[in-house]
Amino acid sequence: MAIIIDNEKQLFTLHTKNSTYQMKVGLYGVLLHTYYGARVDGQDLSCLIQQQDRGFSGNPDEAGSDRTFSVDTLPQEYSTYGVGDYRESCLDVVQADGSIAADLRYSSYRIEKGTASLAGLPAVRSEDRGEETLYITLKDTASPITVELAYVVLPECDVIARSARIINHGAAPVKLKRALSCCLDFNLPGSWQMLSFYGRHAGERNLSRINLYHGKSRIDSVRGGSSHHQNPFIILCSPDATETNGLCYSMSFVYSGNFIAQAEIDQIGQMRTVMGIHPQGFEWQLNPDEDFQTPQVLCSMSADGFDRLSNNLHKTILTHIIRKPFANTRPPILVNNWEATYFDFDKEKLLNIAREAKNLGIEMLVVDDGWFGHRNNDESSLGDWYVNEKKLQGGLTELSKELQDMGMQLGIWFEPEMISHDSDLYRLHPEWQIQCPGRKSVKSRCQYVLDMGREDVRDYLFERISEILHATSCKYVKWDMNRHLANVWSAVLPADRQGEVWHRYVLGVYDLLERLLTEHPDLLIEGCSGGGGRYDAGMLYYTPQIWCSDNTDAIDRISIQLNTSFGYPVRTMGSHVSVCPNHQTGRTSPINTRGNVAMLGTFGYELDLCKLSDEDKEAVKQQVLEYKRQFVINCEGSLHRLVLPSERKRFSAWMTVSEDKTQAIVTCVLLKAQANGDQIWFRLRGLDPAANYTVVETGECYTGQALIQCGMVMPVLREEYGAVQFHLRAVAPDDFGV
Ligand code: GLA
């Protein structure tokens, strides 16, 4: 049983395979957090909480002369503003009388089999793998506000997914100034570090690791999308944590808009972490009998370092977030025409690329930006989702037929959330643009943002996209978002509800995605936002893969993809082989290195195949075959970051291991040539120590134990950016040692 309740002690214990999470109703009905960590059975862990009288930390009136009980120092499940907890709050309510306070006390609980579904929001799906959900209701002492906390336990993934629902049972509206999703209090003082993933366009997910200090360490986005700049995912760990050792916790936000993730060390060395929708610019009117549902946070922990933590999250996303059947279905190997042609293409050019692609074993042509309106550069036509017949005679239907005839599938790029001023849509509906009245708009990449909170906008987009999907055989859409929001104001909301626009925008995007997927259940959507600018577990619920970065340089991609893998599985990472010199960095790297790196993701090409040399075409043919062979190991097995580029600078290495541990693929890339260089060596992980393995390429045999304990020496690598890749296969004892 994943959830154990001790009614007498009012103790709630949640168990996953390797972790335990516990809460207890404390004095005066305050719900206290007692423990989250490695699995502990049969123990009331409130023994870890010490109460003592601390100056300037007040006590509730009910405590009488007891000065030791204070919400300012005790570990809370869901902190509130206004009643004496001065640390970061999850909930700020402006009550009907104007006071800003909520004092939540325990009221009841219920348990349900399966996972919780959250109205209008993505959330972990039920898969009949022992999932259970605990709901705990808390009531404010002085107002008709209740909060229902949901804890979805995914025992096999070592994940607890948290969310909160705030309900107004009163007769008058109240305002929420903040409604975060999750608070995790760690009351035992110790040294903590935080890992987060910052970046920029074409430079996503750099790893930051900082020591937490007395004060607040925050990452966030107020851009309207989860952003390239900070990913809505953090790891909290002990300073000695490595890939294979040490205590670490993660919080992943299942949401694609503004967020905060914050860790705070308080006056007595306790740590409070919170995650949720960013309070800046947020205000939500909660009318009588309405509720506000916060997005979900996936909490996971590992007592054995980051490797296990990441693999917990990979399993969770593959099993409970990604739509069926995409988690276990190999995506089509595609060629995308963006870096091949940019806007300069016509039907013949595309068909030539497609013919060449077909010869090489590639399965789909994705027609990127520029097929609609009169778009020949990025200055026009967003919103006019009608084919440009000058470029594509016969339209997409004809193109789709011709591709089908040659045995190729069609994929189409859309950027539904955007509008160009030079478009028929803008001329017809200028009011559909998000903009502040009387203020000059902010242009970004020459484009503006549609008010996705409006139903009429979503209806229009649904109708346009759906019609194209029905008229073609297209089963793949690349869904882009190439700018962030500014001048945020909506013409369909009154002045006192403009604080809702940011969140309604995200809800609108989710609604449109849901509608399209209901109408076209086989559709595979690849998310994209100028590359990996909206790479989050929320989007992954609708778009099983996300274009990882507009930077296609294989060497830069090693860091981008390995760092992305801290929180997200290989199956989700859009990754293509592109031309050299690379368009973003000017770097030249061997085609096999580009192939090896792109295989750590959803594989494809982003170049003009017609312009490749015969030698490179042969390499492409082999890569396509190899990707098909590797898919199950790479995408359903475990991933191990053996050496990050930031760690050694000279080389990087990673490996993937099949679920049954009988097959593995080890890849190593030389990042810096060195005369008379050091031996390149690293330990392997994820293998069965009791098994014997042969290296397919060389016939050498090793015990799993030796590979794990002693490691593997790479052949001498001289060429800068050169790569080697080995396949390991478990062999029967008789075949070993030859
Ligand atoms: C974004 C995407 C690219 C490409 C262009 C087209 O930058 O990330 O892959 O689709 O838009 O404008």
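Quick caveat: nothing in here was measured; it's all calculated off a predicted structure. Note that the numbering runs from 1 along the sequence shown for the chain. Order of listing sets the numbers, starting from 1, for every ligand and every atom in it.
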Which residues pass the salt bridge (Lys or Arg N to Asp or Glu O under 4.0 Å) test with Asp378, sequence neighbours left out? Arg445
Mind checking what makes salt bridge (Lys or Arg N to Asp or Glu O under 4.0 Å) contact with Glu526, not counting sequence neighbours? none
Can you pull every nitrogen or oxygen pair between ligand 1 and the protein closer than 3.5 angstrom?
unit_1, atom_1, unit_2, atom_2, d
ligand 1, 7 (O), Asn482, OD1, 3.4
ligand 1, 7 (O), Asp550, OD2, 2.6
ligand 1, 8 (O), Gly531, N, 2.9
ligand 1, 8 (O), Asp550, OD1, 2.4
ligand 1, 8 (O), Asp550, OD2, 3.1
ligand 1, 9 (O), Lys478, NZ, 2.7
ligand 1, 9 (O), Trp547, NE1, 3.4
ligand 1, 9 (O), Asp550, OD1, 3.4
ligand 1, 10 (O), Asp368, OD1, 2.6
ligand 1, 10 (O), Asp368, OD2, 3.3
ligand 1, 10 (O), Trp413, NE1, 3.1
ligand 1, 10 (O), Lys478, NZ, 3.0
ligand 1, 10 (O), Asp480, OD2, 3.4
ligand 1, 11 (O), Asp480, OD2, 2.9
ligand 1, 11 (O), Asn482, ND2, 3.0
ligand 1, 12 (O), Asp369, OD2, 2.6
ligand 1, 12 (O), Arg445, NH1, 2.8
ligand 1, 12 (O), Arg445, NH2, 3.0

Without hydrogens or angle criteria, can the side chains of Tyr510 and Ser256 be said to hold a donor-acceptor pair below 3.5 Å? yes
Less than 4.0 angstrom from a charged side-chain N to a carboxylate O is my criterion; do Arg427 and Asp424 meet it? yes
Between Trp547, Tyr605, Tyr627, which is the residue that forms a ring-ring contact (aromatic ring centres under 6.0 Å, His included) with His576? Trp547
Could you list the donor-acceptor pairs under 3.5 angstrom formed by side chains in residues 608-618, with sequence neighbours left out?
unit_1, atom_1, unit_2, atom_2, d
Asp608, OD1, Cys610, N, 3.0
Ser613, OG, Asp616, N, 3.1
Glu618, OE2, Gln622, NE2, 3.1

